[in-house]
Amino acid sequence: QVQLVESGGGLVQTGGSLRLSCAASGRTFSTYSLGWFRQVPGKEREFVATISRSAVTTYYADSVKGRFAISRDNAKNTVNLQMTNLKPEDAAVYYCAARDHMMGSSLDVDYDYWGRGTLVTVSS
């Protein structure tokens with residue numbers, strides 16, 4: 001069982017930066033791959049980024065590639081999402097998720113555990 005709690009959301013101006021963090025409970029954190037997704041009310045949840053169990057492999061949605069960076073610290077049981085050059089279309093509730101697999105996935109149905117989300121607002 002893994003419990004995930006996101007933090008770091010807030011209001012930022014277009015072009016600004018935010019760093020989201022997700023703290024996980026459980027001693028098996030290092031055995032999970034991790035992902036970040038986002039959702040705007042009334043729309044489907046959207047893949048943002050994922051990182052493998054070993055942190056060797058990362059994968060990003062085209063819409064955030066070059067602007068966002070996912071990382072993990074297995075010693076601290078955290079996964080982070082550094083977001084730069086934020087755009088109004090990045091505004092959403094951001095969720096972290098854990099998958100009991102060595103590799104991450106861009107499909108939300110592949111993930112086993114979810115946090116409750118943190119809100120990111122981008123003003124134009």
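When reading the values below, keep in mind they use all heavy atoms of this one structure, side chains included, and skip hydrogens, waters and symmetry mates.
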* Asked: Between Ser21 and Thr78, does a side chain to side chain contact (heavy atoms under 4.5 Å, CB included) hold up when you go through it step by step?
  -> CA-CA 7 Å; Ser21 292; Thr78 58; 5.7 Å; no
Checklist entry - Step by step, would you call Trp36 with Met83 a side chain to side chain contact (heavy atoms under 4.5 Å, CB included)? => result CA-CA 12 Å; Trp36 284 96; Met83 306 186 295; over 6 Å; no
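Geometric assessment of Arg72 against the ring of Phe29 yields a positive cation-pi assignment under the 6.0 Å and 45° thresholds.
For Met103, the side chain to side chain contact (heavy atoms under 4.5 Å, CB included) partners are Ser52, Thr57, His101, not counting sequence neighbours. In this structure Thr118 satisfies the side-chain hydrogen bond (donor to acceptor under 3.5 Å, both in side chains) test with no other residue, sequence neighbours excluded. Shown here are the side chain to side chain contact (heavy atoms under 4.5 Å, CB included) partners of Arg116, two or more places apart in sequence or in another chain: there are none. Partners of Tyr111 according to the side-chain hydrogen bond (donor to acceptor under 3.5 Å, both in side chains) rule, which considers only residues two or more places apart in sequence or in another chain, are Thr50. Take Tyr95 and apply the ring-ring contact (aromatic ring centres under 6.0 Å, His included) test, not counting sequence neighbours, and it matches no residue.
Between the CG atom in Asn77 and the SG atom in Cys22 there is a gap of 10.0 Å [rounded to 0.5 Å]. Annotation: the span from Asp108 atom CG to Glu46 atom CD amounts to 11.0 Å, rounded to 0.5 Å. One distance of note links CE of Met102 with OG of Ser33; it measures 9.5 Å at 0.5 Å rounding.
In this structure, Gly104 and Arg99 approach most closely via the heavy-atom pair O-NH1, 3.4 Å. Heavy atoms only, all atoms of each residue included: Asp110 and Ser105 are closest at OD2-OG, 2.6 Å. Residues Tyr60 and Phe68 come closest through the heavy atom pair CE2-O, 3.3 Å. Pairing each heavy atom of Ala91 with each of Val122, the nearest pair is CB-N, 3.9 Å. For the pair Ala92 and Val40, the tightest heavy-atom approach, listed with the atom from each and the gap, is CB-CG2, 3.9 Å. Cys96 and Val79 get closest at one heavy-atom pair: CB-CG1, 4.4 Å.
Heavy-atom contacts from other residues, nucleotides or ligands closer than 6.0 Å to NZ of Lys43 number 12 or fewer. Counting heavy atoms of neighbouring residues, nucleotides and ligands inside a 6.0 Å radius, atom OH of Tyr59 does not exceed 12 of them.
Sorted by first and then second residue, the side-chain hydrogen bond (donor to acceptor under 3.5 Å, both in side chains) pairs involving residues 81-90 (not counting sequence neighbours) are Arg19-Gln82, Arg38-Asp90, Arg67-Asp90.
Glu6 places no side-chain N or O within donor-acceptor distance of the main-chain N or O of Leu20, the cut-off being under 3.5 Å.
Both Leu119 and Phe37 are members of a single hydrophobic cluster when ILVMFWY side chains are connected at heavy-atom separations under 4.5 Å. No path of Ile, Leu, Val, Met, Phe, Trp and Tyr side chains, each step under 4.5 Å between heavy atoms, connects Leu34 with Phe47, placing them in separate hydrophobic clusters. Cluster membership for Val64 and Val12, using ILVMFWY side-chain heavy atoms within less than 4.5 angstrom, is shared.
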